[in-house]
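Below is one structure, written out as structure tokens; the observations come after it.
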Amino acid sequence: MLTEEKYQVRTCPNATNFWQLMKKHTPDMIVLDIMLPDGNGLDICNQLKKSVKTYHIPIMMMSANNHLNTVKAKCDAEDFINKPFDINDFLERIGHHLEN
């Protein structure tokens with residue numbers, strides 16, 4: 001869906017691959033699931049927001065299992081979305097963060 005909107009997308013199946021990719025590429029935005037096979041997206045978000053190299057990157061956290069207020073209290077991400085989500089809302093949010 002994002003590639004159809006002409007965004008360049010890179011995906012990672014787990015936290016290990018994410019950190020490997022981050023060493024090679026600095027993205028314009030990160031969409032990050034909370035539940036990962038080998039880690040916790042909240043921990044990744046917090047590490048990114050504490051780093052001088054990555055604190056400026058907008059992060060959208062997504063989850064089906066967490067209450068939004070709980071997630072917001074644990075992470076300084078710019079945006080949060082619950083799964084399942086409305087595709088148009090998701091695309092609008094992505095566009096908003098990449099325009100800034």
Side-chain angles (χ1 to χ4, degrees):
M1 149 181 61
L2 291 174
T3 55
E4 289 176 10
E5 296 294 320
K6 308 296 185 219
Y7 292 110
Q8 184 180 45
V9 178
R10 296 181 184 186
T11 62
C12 301
N14 55 47
T16 302
N17 288 59
F18 173 81
W19 289 117
Q20 290 170 347
L21 184 60
M22 285 297 291
K23 289 178 186 177
K24 301 175 188 173
H25 175 75
T26 303
D28 295 323
M29 182 175 181
I30 298 170
V31 178
L32 183 59
D33 202 339
I34 292 175
M35 301 293 288
L36 302 171
D38 63 344
N40 183 316
L42 294 171
D43 294 337
I44 292 172
C45 176
N46 289 327
Q47 287 178 332
L48 291 168
K49 291 301 179 184
K50 288 179 184 174
S51 170
V52 174
K53 293 181 179 180
T54 57
Y55 75 91
H56 67 283
I57 300 170
I59 299 174
M60 178 188 292
M61 298 298 299
M62 63 171 39
S63 177
N65 299 325
N66 289 291
H67 296 287
L68 205 51
N69 290 335
T70 303
V71 174
K72 286 181 179 181
K74 294 180 180 180
C75 178
D76 289 331
E78 284 72 20
D79 208 345
F80 304 85
I81 194 164
N82 285 322
K83 295 188 281 187
F85 52 84
D86 177 78
I87 292 172
N88 292 325
D89 179 46
F90 177 70
L91 291 174
E92 187 176 307
R93 291 176 187 220
I94 295 287
H96 169 77
H97 290 293
L98 292 177
E99 287 174 0
N100 296 331

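If you read the sequence from its start, that first residue is 1, and numbering goes on from there.
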Worksheet item: Asn40 and Ile34: side chain to side chain contact (heavy atoms under 4.5 Å, CB included), yes or no, with the steps?
Response: CA-CA 6 Å; Asn40 183 316; Ile34 292 175; 4.1 Å; yes

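- Asp76 CG: 12 or fewer foreign heavy atoms inside a 6.0 Å radius.
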Item to complete: Would you sort out whether Cys75 and Asn46 count as a side chain to side chain contact (heavy atoms under 4.5 Å, CB included), showing the intermediate values?
Response: CA-CA 6 Å; Cys75 178; Asn46 289 327; 4.3 Å; yes

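- Taking every heavy atom of both residues into account, Leu98 and Asp28 meet most closely at CD2-CB, 3.7 Å.
- By the rule that hydrophobic residues join a cluster once side-chain heavy atoms approach within less than 4.5 Å of another member, Met60 and Tyr7 end up as members of one cluster.
- Using a 4.5 Å cut-off between side-chain heavy atoms of Ile, Leu, Val, Met, Phe, Trp and Tyr, with links allowed through other members, Tyr55 and Val31 fall into different hydrophobic clusters.
- Across Ile44, Thr54, Ile59, a single residue satisfies side-chain contact (heavy atoms from CB on, under 4.5 Å) together with Ile30, and that is Ile59.
- Summarising the geometry of Gly41 relative to Leu32, their closest heavy-atom pair is O-CD2, 3.3 Å, with the distance given to 0.1 Å.
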May I have the list of side-chain donor-acceptor pairs in residues 18-26 shorter than 3.5 Å, sequence neighbours left out?
{"residue": "His25", "atom": "ND1", "partner": "Arg10", "partner atom": "NH1", "Å": "3.1"}

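- With rounding to the nearest 0.5 angstrom, the CZ atom of Arg93 is 11.5 Å from the CG atom of Leu91.
- In this structure, Met1 CE and Thr3 OG1 are separated by 9.0 Å, a value rounded to the nearest 0.5 Å.
- Considering every non-hydrogen atom in both Pro58 and Glu78, the closest pair reads CA-OE1, 3.3 Å.
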Discussion item. Applying side chain to side chain contact (heavy atoms under 4.5 Å, CB included) to Lys83 and Asp33, what does each step give before you reach the verdict?
Written reply: CA-CA 10 Å; Lys83 295 188 281 187; Asp33 202 339; 2.7 Å; yes

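- Summarising the geometry of Met61 relative to Leu42, their closest heavy-atom pair is CE-N, 3.9 Å, with the distance given to 0.1 Å.
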